[in-house]
Q: 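I'd like to ask you about the structure that follows.
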Amino acid sequence: MFCFGKESLMFNAETIIFVIYLVFMLGIGVVFFFRGRSGGEKGYFLGGRQMGAWVSALSAGASDMSAWVLMGLPASIYAMGIGQAWIAIGLAIGYALSWIYEAPRLRRFSIVAKDSITIPQYLTNRFLSKSKALQIICAVIFLVAYTIYAASSIKACGTLFNTVIGIDATVAMYIAAVIIIAYTFLGGFSAVCWTDFFQGLLMLAALLVAPIFALALIQGGQGAVSASQLPDGYWNLFGNWKDIVSGLGWGIGYFGMPHIIIRFMSLKSGKELKKSAKIGISWTTLIIIFSVAAGCIGRVFLGDIDDSSVVFITMVRKIFPAIISGVLLSAILAAAMSTADSQLLASASAFASDVYKPIIRKGKSGDTEMLWAGRIVVLVIAVIAVIIASDPNSGTIMGLVENAWGVFGAAFGPAIMLSLFWKRFNFAGAVAGILVGAVVDICWLAFLGSTGIYEIIPGAIAGLLAAILVSKLTKAPGKEVEELFDKAVAYED
């Protein structure tokens with residue numbers, strides 16, 4: 001009746017570690033539920049602008065580096081070679097530039113622009129517009145893209161539980177969704193940031209440890225193949241110009257990724273922002289380097305495996321005893337959950353603050369009603385995301401991330417950067433840039449995806465040109481808008 005073999009002991013130990021980890025995440029949500037009851041809309045959706053450097057930096061990084069950094073990117077490197085590392089290079093460059101150039105101004109501008117707490121709200125207030133068109137357009141894009149993005153994270157949870165514990169993947173997806181919904185539901189932005197902080201530490205530890213130990217074993221003669229036995233061109237970084245261009249194009253996404261850049265707005269001071277930038281850039285650079293290493297080293301250490309998406313899981317389970325592997329594999333849960341919670345909260349804030357309160361309720365809703373409207377959106381998006389993730393035809397984890405990332409980067413990146421650095425930029429230009437960027441990105445994916453050029457590149461270029469041309473062809477911003485720009489540039493705290 002009872003089996004005490006190695007596989008059984010590994011199963012039991014890993015399962016116990018997973019359960020402890022999930023309970024810990026729920027505990028953080030409960031703590032912030034009771035601590036943040038009086039925080040209201042600003043407290044729930046932006047943490048009251050009181051986030052410190054370490055929490056904001058690791059939260060921004062962890063909300064970005066979803067399960068694709070432990071499963072999707074290593075799988076691409078494992079299967080197709082080092083040429084896929086251009087994605088990592090593009091991301092590292094884009095992330096650093098967003099912290100250096102975008103973060104300081106976005107924080108100041110969002111405060112001056114009527115203390116905006118969401119990206120759609122900021123873009124509207126930046127131009128002192130009474131029109132709600134921009135908020136509605138942004139909210140619609142948020143809801144669609146974040147549902148797809150969240151599906152990738154939930155799909156990763158299903159793959160992890162199915163591979164490690166043997167639970168049906170669909171059942172595992174629902175379990176993961178319930179946990180994510182629970183602590184996002186309870187604690188809001190503060191709970192999400194603090195869970196992301198711990199998850200970010202765990203992700204970094206896992207990606208540092210596993211490839212280093214695998215490399216040591218390879219050097220000791222325990223690799224399945226030698227580096228020279230891999231397919232021709234595997235180690236060629238400059239093999240395909242399309243891979244280079246498309247990989248670098250991933251960096252564009254950071255300038256318009258709402259669930260990441262909202263962390264810039266949440267910092268409590270400019271001094272904390274500078275410290276946070278150093279921490280965030282360092283953390284992300286290490287994560288990306290070792291994600292690439294996990295794919296390359298995993299290929300040599302494991303040889304050929306049936307499913308490349310589980311290269312990190314397989315490597316960890318082969319090297320470490322159950323208790324350690326359980327902790328390291330919890331990093332995949334951390335990666336998936338830290339991104340999904342941020343996406344759900346960003347969607348909720350966009351709907352509650354930018355559609356429900358000003359349009360559906362016409363400003364009549366109180367804080368409690370607003371919070372419940374946001375929570376309902378969290379629930380609805382999570383359910384739809386699980387349905388997408390459980391569909392066998394929904395695509396790979398990396399593919400889902402790529403699609404959502406492209407839409408956000410093309411739609412919002414040009415508009416946000418122009419709003420921060422171009423005084424002549426106006427409301428009509430912002431609307432045009434966001435719409436054209438999103439439409440071109442989607443159309444390129446649908447009709448020209450076979451070109452091998454990542455759709456974010458033509459989408460962002462089209463959005464930038466549309467925003468500039470429409471701004472030039474329409475009426476210049478009024479005196480009050482120009483004064484707001486000057487005040488934001490000169491703002492100090």
Q: Output yes when a side-chain donor or acceptor of Arg108 lies under 3.5 Å from a complementary backbone atom of Ala488, and no otherwise.
A: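 Between the backbone of Ala488 and the side chain of Arg108 there is a qualifying donor-acceptor contact (under 3.5 Å).
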
Q: Which residue pairs satisfy the side chain to side chain donor-acceptor pair (under 3.5 Å) criterion with at least one member in residues 390-403, sequence neighbours excluded?
A: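 Applying side chain to side chain donor-acceptor pair (under 3.5 Å) to every pair that reaches into residues 390-403, excluding sequence neighbours, yields Lys155-Ser394.
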
Q: For a 4.5 angstrom cut-off between non-hydrogen side-chain atoms, does Met173 reach Cys157?
A: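 Answer no - side chains too far apart.
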
Q: Are the side chain of Arg105 and the backbone N or O of Leu420 linked by a donor-acceptor pair below 3.5 Å?
A: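 Present.
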
Q: What pairs of donor and acceptor atoms, side-chain ones from residues 129-145 against any protein atom, are under 3.5 angstrom apart with sequence neighbours left out?
A:
unit_1 : atom_1 : unit_2 : atom_2 : d
Ser129 : OG     : Ser131 : N      : 3.1
Ser131 : OG     : Ala133 : N      : 3.2
Gln135 : NE2    : Asp354 : OD1    : 3.1

Q: Which residues pass the ring pair (Phe, Tyr, Trp, His ring centres under 6.0 Å) test with Tyr78, sequence neighbours left out?
A: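 Residues passing ring pair (Phe, Tyr, Trp, His ring centres under 6.0 Å) with Tyr78: none at all.
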
Q: Side chain of Arg107, backbone of Leu273: donor and acceptor closer than 3.5 Å?
A: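 No, Arg107 side chain to Leu273 backbone: no donor-acceptor pair under 3.5 Å.
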
Q: Is the distance between the ring centroids of Trp444 and Tyr454 less than 6.0 Å?
A: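 Distance test on ring centres: not under 6.0 Å, no.
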
Q: With sequence neighbours excluded, tell me which residues meet side-chain contact (heavy atoms from CB on, under 4.5 Å) with Lys278.
A: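 side-chain contact (heavy atoms from CB on, under 4.5 Å) list for Lys278, sorted by chain: empty.
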
Q: Trp86: what forms a ring pair (Phe, Tyr, Trp, His ring centres under 6.0 Å) with it, not counting sequence neighbours?
A: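 Counting only residues at least two positions away or on another chain, Trp86 forms a ring pair (Phe, Tyr, Trp, His ring centres under 6.0 Å) with Phe238.
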
Q: Counting only heavy atoms not in Tyr101 (residues, nucleotides, ligands), do more than 12 fall under 6.0 Å from its OH?
A: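 12 or below, so no.
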
Q: Could you tell me whether the side chain of Asn162 and the main chain of Ile167 form a donor-acceptor pair under 3.5 Å?
A: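 Here the side-chain-to-backbone pair exists.
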
Q: In chain order, what residues pass the ring pair (Phe, Tyr, Trp, His ring centres under 6.0 Å) check against Phe312, with sequence neighbours excluded?
A: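 Applying ring pair (Phe, Tyr, Trp, His ring centres under 6.0 Å) to Phe312 gives none.
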
Q: Which residues satisfy the salt bridge (charged side-chain N to carboxylate O under 4.0 Å, His left out) test with Lys114, sequence neighbours excluded?
A: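 Residues passing salt bridge (charged side-chain N to carboxylate O under 4.0 Å, His left out) with Lys114: none at all.
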
Q: Give a yes or no answer on whether the side chain of Ser309 reaches the backbone of Ala75 with a donor-acceptor pair at less than 3.5 Å.
A: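 A pair under 3.5 Å: no.
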
Q: Quick one: ring pair (Phe, Tyr, Trp, His ring centres under 6.0 Å) partners of Phe255, sequence neighbours excluded?
A: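 Residues passing ring pair (Phe, Tyr, Trp, His ring centres under 6.0 Å) with Phe255: none at all.
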
Q: Is the distance between the ring centroids of Tyr491 and Phe109 less than 6.0 Å?
A: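 That pair fails the under 6.0 Å test.
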
Q: Using side-chain contact (heavy atoms from CB on, under 4.5 Å) as the criterion, list what pairs up with Lys274, not counting sequence neighbours.
A: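 Here no residue qualifies.
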
Q: Who are the side-chain contact (heavy atoms from CB on, under 4.5 Å) partners of Ser330, not counting sequence neighbours?
A: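 Ser330 satisfies side-chain contact (heavy atoms from CB on, under 4.5 Å) with Ile17, Phe18, Tyr21, Leu202 only.
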
Q: Less than 4.5 Å apart, side chain to side chain, heavy atoms only: is that true for Leu91 and Thr284?
A: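 Counting from C-beta outward, Leu91 and Thr284 never come under 4.5 Å.
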
Q: Thr118 versus Met265: any side-chain heavy-atom pair under 4.5 Å?
A: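 Sidechains of Met265 and Thr118: no contact.
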
Q: With sequence neighbours left out, what residues match Ser282 under side-chain contact (heavy atoms from CB on, under 4.5 Å)?
A: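 side-chain contact (heavy atoms from CB on, under 4.5 Å) list for Ser282, sorted by chain: empty.
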
Q: Is the Phe408-Tyr146 ring centre distance short of 6.0 angstrom?
A: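 Ring centroids of Phe408 and Tyr146 are less than 6.0 Å from each other.
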
Q: Got a sec, which pairs hit side chain to side chain donor-acceptor pair (under 3.5 Å) with one end in residues 405-430, sequence neighbours left out?
A: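 Non-adjacent pairs meeting side chain to side chain donor-acceptor pair (under 3.5 Å): Tyr122-Ser419, Lys423-Asp486, Asn426-Ser471, Asn426-Thr474.
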
Q: If you look at every heavy atom in Pro104 and Trp99, which pair is closest and at what distance?
A: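 So the minimum-distance heavy-atom pair works out to CD-O, 3.4 Å.
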
